[in-house]
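Have a look at the structure below, then the notes.
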Amino acid sequence: MKKSLLWLIIAVLVLPDLALAAAPSASPEPFDPTQIHQVTAATLNYTQLPAEAEGAEPKVLCQTLEDAESLAVIESLMAGAEDWGEGQVSKCPFGYALLTLTMADGSTATLDIAADSCTMYMAGGHSYYYMPTAFRGKDEHPNNEILFDLFDEIPRADWL
């Protein structure tokens, strides 16, 4: 058997299975903001980018909130978020601030929060707008400080 024919057989029979096994899931887990209920803890992991110094490594800053007042604000913001719809992706910088919410029933939801001033998060392949409904569509409105200021152990100067 010629080598080229052997490689063709390998390419057709073996490689597609390897590619499928290595590829990330094409359909992310479904998410609905109403899954956020009875929040008992909120943990924010923020990846601080290093200064321009060579060899500097990113540092992850972490804070967990368990006080009822802060959790009520977070639950209201995140559960009341508006889904931008499938395929509508915000251009905000994601991947730096992961918010993990723990519910009373033990379930969790991890939201990828925009690290700039946007009030957006990503979950289940969708972008969600968590601006309080009273301010949506208005010229003057709060920015993401309504969420990030609750995590007062993570210095604001370190945010994007």
Side-chain angles (χ1 to χ4, degrees), residues 19-51 53 55-160:
L20 286 174
S25 173
S27 60
E29 249 182 73
F31 176 79
D32 180 353
T34 61
Q35 293 173 239
I36 300 171
H37 62 284
Q38 298 177 325
V39 177
T40 59
T43 301
L44 182 65
N45 289 292
Y46 178 73
T47 302
Q48 179 187 40
L49 296 178
E57 295 288 322
K59 182 169 80 172
V60 177
L61 306 173
C62 180
Q63 182 179 356
T64 298
L65 302 177
E66 294 178 324
D67 67 284
E69 186 177 331
S70 295
L71 296 176
V73 170
I74 292 169
E75 182 175 327
S76 175
L77 290 171
M78 301 302 130
E82 174 186 354
D83 185 348
W84 270 24
E86 191 167 354
Q88 300 296 320
V89 179
S90 167
K91 294 184 194 280
C92 300
F94 292 102
Y96 301 98
L98 294 179
L99 178 63
T100 300
L101 305 175
T102 303
M103 274 46 89
D105 64 4
S107 64
T108 61
T110 299
L111 313 176
D112 189 352
I113 308 294
D116 60 2
S117 63
C118 297
T119 51
M120 299 291 297
Y121 68 82
M122 296 279 298
H126 288 235
S127 295
Y128 294 88
Y129 185 54
Y130 68 86
M131 175 67 62
T133 55
F135 293 98
R136 291 182 189 166
K138 300 206 172 157
D139 291 336
E140 291 192 30
H141 54 77
N143 62 22
N144 68 7
E145 290 176 351
I146 58 177
L147 171 65
F148 290 139
D149 282 353
L150 298 171
F151 295 90
D152 58 353
E153 293 174 15
I154 299 176
R156 286 294 290 175
D158 294 329
W159 294 93
L160 293 179

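Residue indices begin at 1 and follow the sequence shown.
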- prompt: Looking at the rings of Tyr128 and Phe31, which for Trp means the six-membered one, are their centres under 6.0 Å apart?
  reply: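 Ring-ring flag for Tyr128/Phe31: true, centres closer than 6.0 Å.
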message: Under the rule for side-chain contact (heavy atoms from CB on, under 4.5 Å), what residues qualify as partners of Ala41, not counting sequence neighbours?
response: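 So Ala41 forms a side-chain contact (heavy atoms from CB on, under 4.5 Å) with Thr64, Glu66, Thr102.
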- request: Taking side-chain contact (heavy atoms from CB on, under 4.5 Å) as the test, write out the residues that go with Asn45, two or more places apart.
  value: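 Residues passing side-chain contact (heavy atoms from CB on, under 4.5 Å) with Asn45: Thr43, Val60, Cys62.
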task: Only pairs at least two apart or in different chains count here, so list each side-chain hydrogen bond (donor to acceptor under 3.5 Å, both in side chains) that has a residue in residues 68-80.
output: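 For residues 68-80, and leaving out neighbouring residues, the side-chain hydrogen bond (donor to acceptor under 3.5 Å, both in side chains) pairs sorted by first residue read Asp67-Ser70.
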field: Sidechain-backbone polar pair: Gln63 side chain, Glu153 backbone, donor-acceptor under 3.5 Å
entry: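 Answer holds: yes.
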Beyond-backbone contact of [X] with [Y], side-chain heavy atoms, under 4.5 angstrom:
X: Tyr121; Y: Leu77; result: no
X: Leu111; Y: Leu101; result: yes
X: Ile113; Y: Phe148; result: yes
X: Leu61; Y: Pro155; result: yes

Measuring from atom [atom1] of [X] to atom [atom2] of [Y], what distance do you get when rounded to the nearest 0.5 angstrom?
X: Ile154; Y: Leu44; atom1: CD1; atom2: CG; value: 4.5 Å
X: Thr47; Y: Leu98; atom1: OG1; atom2: CG; value: 7.0 Å
X: Met120; Y: His126; atom1: CE; atom2: NE2; value: 12.0 Å
X: Ile146; Y: Met131; atom1: CD1; atom2: CE; value: 6.0 Å
X: Tyr130; Y: Met78; atom1: OH; atom2: CE; value: 5.0 Å
X: His37; Y: Ser107; atom1: NE2; atom2: OG; value: 5.0 Å

Minimum heavy-atom distance between [X] and [Y], given as atom pair plus value:
X: Pro33; Y: Ala81; value: CG-O, 4.0 Å
X: Thr110; Y: Thr100; value: OG1-OG1, 3.3 Å
X: Ala42; Y: Phe151; value: O-CE2, 3.7 Å

